[in-house]
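In the text below, chain A, chain B and the rest are named by the order of the sequence lines, each starting its count at 1.
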There are 2 protein chains.
Amino acid sequence: MAYRKTPAELERLSSAREHLIQQATDVVAEVGWAQASVNAVAAAAGIAAGSVYQHFPSKAALAVEVFRRASGREVEVLGEVLRSPGDPVERLTRGVEVFARRSFERRGLAYALLAAPAEPAVGAERLEYRRQYRALFAEVVREGVAAGVLPAQNPEITAAALTGAVGEVLADPLGAADGDFADPLISELTAMSLRCLGAARGSTG
Amino acid sequence: MAYRKTPAELERLSSAREHLIQQATDVVAEVGWAQASVNAVAAAAGIAAGSVYQHFPSKAALAVEVFRRASGREVEVLGEVLRSPGDPVERLTRGVEVFARRSFERRGLAYALLAAPAEPAVGAERLEYRRQYRALFAEVVREGVAAGVLPAQNPEITAAALTGAVGEVLADPLGAADGDFADPLISELTAMSLRCLGAARGSTG
DNA sequence: TGAAGGTCTGAACGGTGATTCACTGCTTCC
DNA sequence: GGAAGCAGTGAATCACCGTTCAGACCTTCA
């Protein structure tokens, strides 16, 4: 019979899907979730609106996939930094710094992940994303407390606070046009994070 | 001629408007912005959907008014606490505590103000609201630094971090069903805030 | 080559919910 | 009392997408 998909065809389909996800991500980073209509996304990917439904059952499913890909990368990177060997306080500082620096490098995307208005399905995904960040931070805080380099505290709360604090401090500048103040802002941010953790003073830079 | 509005009539109109705002606030607190349709709000206020447009030019205008009223009250209360006489660190601690406690007392509303998905007009208002919070906190941090009871730091950043940290820590529990853990959570939160400020350790409770 | 069965297209459809408007009825004031 | 004119009504209208689908076009394979 004349109908099994050839490997080349499967490959073509799969890469069309990837291309769609990639373009959708760019659109979201540029105009936000609210403005990223099926038509806009399809146009960016160079396909018809209807063709989106070849790859995803609904717009929400595509949006969730876009969010997961992007947030997954961030969680992975942060996880690597936080779990690298060395002093917990040092690792936490670098974690905050990496988080902030990457946000500045892809502002639109960072804003979409952190704060931009979004449909409920994406909102739910965002909660999960923040939960993961919190868990990563909490783990290292716990370690620091156990090692005696950090004072007694509730690691989950400190971790949540760090996530929220970094997000809030970044939210404004992420919306602004230029990021020339990124460096001083980041060093203030890490200093604040260290205080937040209750780390001994001294090595702020 | 027979058409100028009598004072009683003006009063009736104005109180109808107030009633509408009040009911709309309750609806938003209960079901969130997204579910607060013109019909739902009008029904709650006991009027027809069309009558909403006697008082506001659009749904967005009503939503903005609802947000402003509620956020204005919060800013006012926090301002009073933060500007009361006394030690800056003490005032900041009480500010965080009051913020958190009031949020627990009216969870639905607090969530609507802090985090619930909303139309762009409300989103813009929310930015302004956070900016006000930040300004209030920053003022006292600046004072504390000047008085030497807080270490050198960028007050704007610390203030933003405090706002974000408190919001993030509260967001989850505000969504949850019961608030029995409110007290321990609040004391952890104030302890974290003190560290964040770099206040000398010791008086955590 | 051509039949079978895919993929792609994009105009049309449908649901949702804000907004309008012809109408009813009330209040004002001569 | 009654004319003038505004407030209130709520069904109809409008606008905006997400989603569907009939047909055009491709790819596969005997």
Side-chain angles (χ1 to χ4, degrees), chain A residues 1-21 23-24 27-28 31-67 116-123, chain B residues 1-21 23-24 27-28 31-67 116-123:
Chain A
M1 315 81 178
Y3 1 93
R4 183 139 23 199
K5 287 169 194 159
T6 203
E9 191 65 359
L10 285 173
E11 161 63 24
R12 197 181 56 78
L13 277 180
S14 155
S15 91
R17 190 186 138 102
E18 291 303 307
H19 183 239
L20 173 57
I21 295 171
Q23 295 301 338
V27 170
V28 167
V31 303
W33 301 101
Q35 308 287 327
S37 65
V38 170
N39 268 289
V41 165
I47 62 178
S51 301
V52 168
Y53 294 83
Q54 300 277 336
H55 305 289
F56 295 94
S58 69
K59 182 195 169 167
L62 168 56
V64 164
E65 183 66 23
V66 164
F67 191 101
E119 63 209 294
V122 171
Chain B
M1 316 83 182
Y3 0 92
R4 186 146 16 205
K5 287 168 194 160
T6 204
E9 191 65 1
L10 284 173
E11 162 61 25
R12 195 180 58 76
L13 276 180
S14 155
S15 91
R17 191 186 137 103
E18 291 304 307
H19 183 240
L20 172 57
I21 295 171
Q23 295 302 324
V27 170
V28 167
V31 303
W33 301 101
Q35 308 285 331
S37 67
V38 170
N39 269 291
V41 165
I47 61 178
S51 302
V52 168
Y53 294 85
Q54 301 275 339
H55 303 290
F56 295 93
S58 68
K59 181 194 170 166
L62 168 58
V64 164
E65 184 65 24
V66 164
F67 191 100
E119 61 209 298
V122 171

Mind checking side-chain contact (heavy atoms from CB on, under 4.5 Å) for B:Ala60 and listing every partner two or more places apart, or none if nothing turns up?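 Applying side-chain contact (heavy atoms from CB on, under 4.5 Å) to B:Ala60 gives B:Ser58, B:Glu119, B:Ala121.
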With sequence neighbours excluded, tell me which residues meet side-chain contact (heavy atoms from CB on, under 4.5 Å) with B:Ser14.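 Scan of B:Ser14 (side-chain contact (heavy atoms from CB on, under 4.5 Å), adjacent residues dropped) gives none.
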Checking B:Arg17 now: which residues fulfil salt bridge (Lys or Arg N to Asp or Glu O under 4.0 Å) with it, not counting sequence neighbours?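 So B:Arg17 forms no salt bridge (Lys or Arg N to Asp or Glu O under 4.0 Å) with any residue.
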Using the test salt bridge (Lys or Arg N to Asp or Glu O under 4.0 Å), find all partners of B:Glu11 that sit at least two apart in sequence or belong to another chain.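 B:Glu11 satisfies salt bridge (Lys or Arg N to Asp or Glu O under 4.0 Å) with no residue once adjacent residues are dropped.
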In whole angstroms, how far is the [atom2] atom of [N] from the [atom1] atom of [X]?
| X | N | atom1 | atom2 | result |
| --- | --- | --- | --- | --- |
| A:Leu10 | D:dT27 | CG | P | 14 Å |
| A:Tyr53 | C:dA11 | OH | P | 16 Å |
| A:Lys59 | D:dC17 | NZ | C1' | 8 Å |
| A:Phe56 | D:dG18 | CZ | P | 15 Å |
| B:His19 | D:dA7 | NE2 | P | 19 Å |

Donor-acceptor pairs under 3.5 angstrom involving side-chain atoms of residues 38-57 of chain B: please list them, not counting sequence neighbours.
none

Among residues at least two apart in sequence or on other chains, which ones pass side-chain hydrogen bond (donor to acceptor under 3.5 Å, both in side chains) with B:Glu18?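 For B:Glu18, the residues satisfying side-chain hydrogen bond (donor to acceptor under 3.5 Å, both in side chains) (neighbours in sequence not counted) are B:Arg69.
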Any idea which heavy atoms bring B:Ala118 and A:Pro117 closest together, and the distance?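 Taking every non-hydrogen atom into account, O-CB, 4.3 Å.
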Among residues 32-41 of chain B, which ones have heavy-atom contacts with DNA chain D below 4.0 Å?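 Close to the strand, none.
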Report each atom pair, protein N/O against N/O of nucleotides 8-11 of chain D, whose distance is under 3.5 angstrom.
residue	atom	partner	partner atom	Å
D:dG8	N7	B:Gln54	NE2	3.2
D:dT9	OP2	B:Ala48	N	2.8
D:dT9	OP2	B:Ser51	OG	2.6
D:dG10	N7	B:Gly50	N	3.4

Residue pairs, two or more places apart or on separate chains, that pass salt bridge (charged side-chain N to carboxylate O under 4.0 Å, His left out) and touch residues 36-53 of chain B: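 Residue pairs with at least one partner in residues 36-53 of chain B: there are none.
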